[in-house]
Amino acid sequence: MMLEPSIDSLLKNINSKYTLVTLSARRARQMQETNKYLIEDHFSDKYVGIALEEINNGNLHYTYEGDEAPEMK
């Protein structure tokens with residue numbers, strides 16, 4: 001089974017698997033509540049898959065400043 005986007009391509013944008021999972025889960029919950037997407041053409045039908053596509057396309061970023069929690073942008 002081939003998964004898209006691949007973990008290798010996702011880790012080019014986000015340097016940690018833990019951060020990748022956390023960010024995509026938070027974004028999926030946000031999409032579920034608002035029904036707004038950062039990309040128009042997505043291949044996945046599920047929110048987590050769409051979030052991963054947004055990360056892979058460079059549409060979803062996060063910032064981390066010391067002791068504060070990471071923030072999605």
Side-chain angles (χ1 to χ4, degrees):
M1 177 195 318
M2 180 66 97
L3 299 176
E4 288 295 326
S6 70
I7 189 73
D8 293 331
S9 65
L10 289 166
L11 288 175
K12 290 178 184 175
N13 294 328
I14 305 293
N15 62 355
S16 162
K17 289 180 185 178
Y18 175 80
T19 304
L20 181 65
V21 169
T22 305
L23 185 63
S24 58
R26 290 175 93 188
R27 177 65 182 134
R29 277 187 239 108
Q30 187 180 53
M31 282 188 287
Q32 189 174 14
E33 293 172 0
T34 64
N35 206 26
K36 294 181 182 177
Y37 309 107
L38 298 177
I39 55 176
E40 291 185 24
D41 297 325
H42 50 82
F43 298 105
S44 182
D45 296 327
K46 299 185 179 186
Y47 294 116
V48 172
I50 297 169
L52 291 172
E53 289 181 43
E54 291 177 347
I55 293 169
N56 195 47
N57 288 344
N59 297 65
L60 187 60
H61 306 279
Y62 78 101
T63 58
Y64 178 74
E65 297 178 11
D67 295 334
E68 297 177 17
E71 178 182 313
M72 291 188 305
K73 290 186 177 182

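Keep in mind that what you see is a predicted model, and the values were worked out from it rather than measured.
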Just verifying a value: how many Å separate [X] [atom1] and [Y] [atom2], rounded to the nearest 0.5 Å?
X     : Y     : atom1 : atom2 : result
Leu23 : Ile55 : CG    : CD1   : 4.5 Å
Lys17 : Leu10 : NZ    : CG    : 11.0 Å
Ile50 : Leu38 : CD1   : CG    : 10.5 Å
Asn59 : Asn13 : CG    : CG    : 9.5 Å

Exercise. Which residue pairs satisfy the side-chain hydrogen bond (donor to acceptor under 3.5 Å, both in side chains) criterion with at least one member in residues 49-58, sequence neighbours excluded?
Worked result: Ser9-Asn56, Arg27-Glu54
Problem set entry | Qualifying salt bridge (Lys or Arg N to Asp or Glu O under 4.0 Å) pairs with a residue from residues 28-46, counting only residues at least two apart or across chains | none
Problem set entry | Sequence-distant partners of Asn15, side-chain contact (heavy atoms from CB on, under 4.5 Å), two or more places apart | Tyr62
Seminar exercise, completed: Nearest heavy-atom contact between Gly49 and Ser44 is CA-OG, 3.4 Å
Seminar exercise, completed: Scanning both residues in full, the closest heavy-atom pair of Leu60 with Ala51 reads CD2-O, 4.4 Å
For this session: Find out whether Leu20 and Ile7 are in side-chain contact, i.e. whether some heavy atom of one side chain is under 4.5 Å from a heavy atom of the other.
Result: yes
For this session: Please work out whether the ring planes of Tyr37 and His42 are parallel, tilted or perpendicular, with thresholds of 30° and 60°.
Result: tilted
Exercise. For residues 11-31, which residue pairs qualify under ring pair (Phe, Tyr, Trp, His ring centres under 6.0 Å), counting only residues two or more places apart or in two chains?
Worked result: none
For this session: Would you kindly confirm whether Ile14 and Val48 end up in one hydrophobic cluster when ILVMFWY residues are joined by side chain heavy atoms under 4.5 Å apart?
Result: yes
